[in-house]
Amino acid sequence: MENSNQKQPEVYDSPAPSFFERLFNSILFKFGVMLILVLFLLIPMEWINDLIRERRDRERSVSNEIASKWGGPQVISGPIIGIPYTYQYSVKVTDDKGKPKMETYKEKNYIFLAAKKMKVSSDVEPEYLKRGIYQSVVYKAAITVDGEFDEIDLSKVAVDPASLHWDEAKLFFGLSDLKGMTAVPKLDWKGTTRDLQMHTEPISLFERTMSADIGLSEKSTKGTFRMKLDLRGSRTLTVFPTADETMVTVGGAWNDPSFNGGFLPATREISQGKFRAAWQVPSFSRKFPKQWVGLSKELYMLTDYDGENIGYDQTMPAVTAAPENGSSAQVSTEQDMVQVNFLEAVNNYQKTTRVAKYGALVILLTFTALFFTEILKKKKIHFIQYVLIGCAMVLFYSLLLAIGEHLGFDWSYLLSAVATIGLITSFIFGITKDRKICMAFSGVLALFYAFVYFLMQLQDYALIVGSIGVFVILAVLMRVSTRINWYQFDRKS
């Protein structure tokens, strides 16, 4: 009786969750927020890319400063014979009384002749020159230029042979940066040694034009020449073929030379840190004639010393010339030259940029793996904790850039990946208190970072291997998703 008269505790029905509570607790909402978070993390990723570009520009600035003191990219041009002549012309003017009269003036001009054959042989010793944390590739080169000239054909130029000053004839030779010369170059012309001097007359066939007096008193341009140059330069060595037939041979101690310009070597040997390459270039692609008249502008214009951004479709200004066929010549570019590029074998900024391009993919895959872990193991992870994990992954690229400037890319990638994986794994352990989850997730992160590093080592096959890798990851996620009853979340809502 006493038990039956005892009052039972009142039971209250819990209020039904509101629409917003069901929305915020739904799995679809959390997945959408995760995707939005990935998009927001693209903003700091772009900041990282800006930082990489800034540091790369700083490296180039220091490299250019080193080159300005050592010797810049060298372009070897010529030789070309120039024979001066005088001509007169009349101009109709008005005197003080307003009457017309004719005044006669005399001017000096040149007939130019390109060589018949030219052979350039170069032994190059590249090395690294450091300044602070940056370094630049410089080189020393011992260069020999020899060849021969043929007779000039005066019947193809509108010049009176009697007006030629044969005894004032000069041989012109071009070098882009005279600061790189370590000794005064000597010219052997028909067995006689002459000094090459900086040319001061208004003749600018090349960037820097040197000349030697050859005095053709016998009125013949036929003869042999030979020059030896000891010079210093940086990054690239370029030869501008001006002869009817040009042969170039370049060799030295360098692991990975790049052959740019408009001609690939006919033969090449690269082994055990040494290389040797040879070119044979006929005059069919030459943009100026064998002989012409007039004080021309430069015969070439460089668009990019390193051969990275050559303007193939760039319209070049015409050069005043009188070729055999009467047409005008065009200014040459790197695409008319032989070029060897001595760039760094490993460029940290280039590789860091490539790694950063995979940043959004790695963050998305990591969030997806964390999302599946949360569902399968029934461990709640707050939105703020997703944000902190995303920030840690973005910080990886900043560490990669900063450490790489001191230790190189490989060590920087290893240390940055270990630090990031360790930080995220310890954070997840603090959330879940489950060692198995932490070990599994650290393995997934390590796999992602190892996959990206493996892609960095590939060149031609990076796209296909990367595509196959992402396809396999997607297949694994699809397989895992089949183990989840997604409709249970709708019933709970």
Tell me whether the count of non-hydrogen atoms from other residues, nucleotides or ligands lying under 6.0 Å of [atom1] in [X] goes above 12.
X: Lys190; atom1: NZ; value: yes
X: Ile464; atom1: CD1; value: no
X: Glu127; atom1: CD; value: yes
X: Gln272; atom1: CD; value: no
X: Glu151; atom1: CD; value: yes
X: Arg276; atom1: CZ; value: yes
X: Phe454; atom1: CZ; value: no

Under the rule for side-chain contact (heavy atoms from CB on, under 4.5 Å), what residues qualify as partners of [X], not counting sequence neighbours?
X: Thr267; value: Ala278
X: Gln350; value: Asn347
X: Ile36; value: Phe40
X: Ala142; value: Asp230

Report yes or no: does [X] contribute a side-chain atom to a donor-acceptor pair with the main-chain N or O of [Y] at less than 3.5 Å?
X: Ser283; Y: Glu245; result: no
X: Gln291; Y: Asp153; result: yes
X: Thr368; Y: Leu364; result: yes
X: Lys228; Y: Lys186; result: no
X: Asp336; Y: Thr333; result: yes
X: Thr221; Y: Ile152; result: yes
X: Ser412; Y: Phe409; result: no
X: Thr425; Y: Gly422; result: no
X: Trp254; Y: Pro126; result: no
X: Gln74; Y: Arg232; result: yes

Indicate the atoms forming the closest heavy-atom contact of [X] with [Y], along with that distance.
X: Val340; Y: Phe259; value: CG2-CD2, 4.1 Å
X: Met118; Y: Thr242; value: CE-N, 4.1 Å
X: Arg235; Y: Pro73; value: NH2-CG, 3.9 Å
X: Met337; Y: Phe263; value: O-CD1, 3.4 Å
X: Val331; Y: Glu298; value: CG2-O, 3.9 Å
X: Leu175; Y: Arg208; value: O-CB, 2.8 Å

According to the interplanar angle, ranging from 0 to 90°, do the rings of [X] and [Y] count as parallel (below 30°), tilted (30 to 60°) or perpendicular (above 60°)?
X: Tyr110; Y: Phe112; answer: parallel
X: Tyr453; Y: Tyr413; answer: tilted
X: Phe240; Y: Tyr300; answer: perpendicular

Any residue meeting ring-ring contact (aromatic ring centres under 6.0 Å, His included) with Phe367, in chain and number order, not counting sequence neighbours: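 Result, ring-ring contact (aromatic ring centres under 6.0 Å, His included) vs Phe367: Tyr386.
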Sub-4.5 Å side-chain heavy-atom contact between Tyr358 and Phe448: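 They are not in contact (no side-chain heavy atoms under 4.5 Å apart), so the answer is no.
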Sub-4.5 Å side-chain heavy-atom contact between Leu395 and Thr420: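 No; the side chains remain at least 4.5 Å from each other.
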Among Ile473, Val470, Leu447, the one residue meeting side chain to side chain contact (heavy atoms under 4.5 Å, CB included) with Leu365: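 For Leu365, the side chain to side chain contact (heavy atoms under 4.5 Å, CB included) test succeeds with only one of Ile473, Val470, Leu447, which is Ile473.
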Side-chain H-bond candidate by donor/acceptor type, Glu405 with Tyr349, under 3.5 Å: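 Yes, Tyr349 and Glu405 have a side-chain donor paired with an acceptor closer than 3.5 Å.
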Donor + acceptor pair across side chains of Thr352, Arg55 (<3.5 Å):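 Their side chains do not contain a donor-acceptor pair, so the 3.5 Å distance test is not met.
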Spacing of [X] atom [atom1] and [Y] atom [atom2] [to the nearest 0.5 Å]:
X: Leu42; Y: Ile48; atom1: CG; atom2: CD1; value: 12.5 Å
X: Ser122; Y: Leu237; atom1: OG; atom2: CG; value: 5.0 Å
X: Leu231; Y: Leu178; atom1: CG; atom2: CG; value: 10.0 Å

Side-chain atoms of residues 159-174: list all donor-acceptor pairs with protein atoms under 3.5 Å, sequence neighbours left out, distances to 0.1 Å.
unit_1	atom_1	unit_2	atom_2	d
Asp160	OD1	Ala162	N	3.2
Ser163	OG	Asp160	O	2.6
Lys170	NZ	Asp213	OD1	2.5

Phe288 six-ring centre to Arg286 NZ/CZ under 6.0 Å and within 45° of normal: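 Here Arg286 passes the 6.0 Å and 45° test against Phe288.
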Worked check of ring-ring contact (aromatic ring centres under 6.0 Å, His included) between Tyr449 and Phe396: CA-CA 10 Å; Tyr449 284 119; Phe396 162 80; 4.6 Å; yes
Salt bridge (Lys or Arg N to Asp or Glu O under 4.0 Å) between Arg53 and Glu46, worked out: CA-CA 11 Å; Arg53 286 190 288 267; Glu46 185 59 30; 3.1 Å; yes
Salt bridge (charged side-chain N to carboxylate O under 4.0 Å, His left out) partner of Asp244, chosen from Lys290, Lys117, Lys116: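 In the set Lys290, Lys117, Lys116, the residue that makes a salt bridge (charged side-chain N to carboxylate O under 4.0 Å, His left out) with Asp244 is Lys290.
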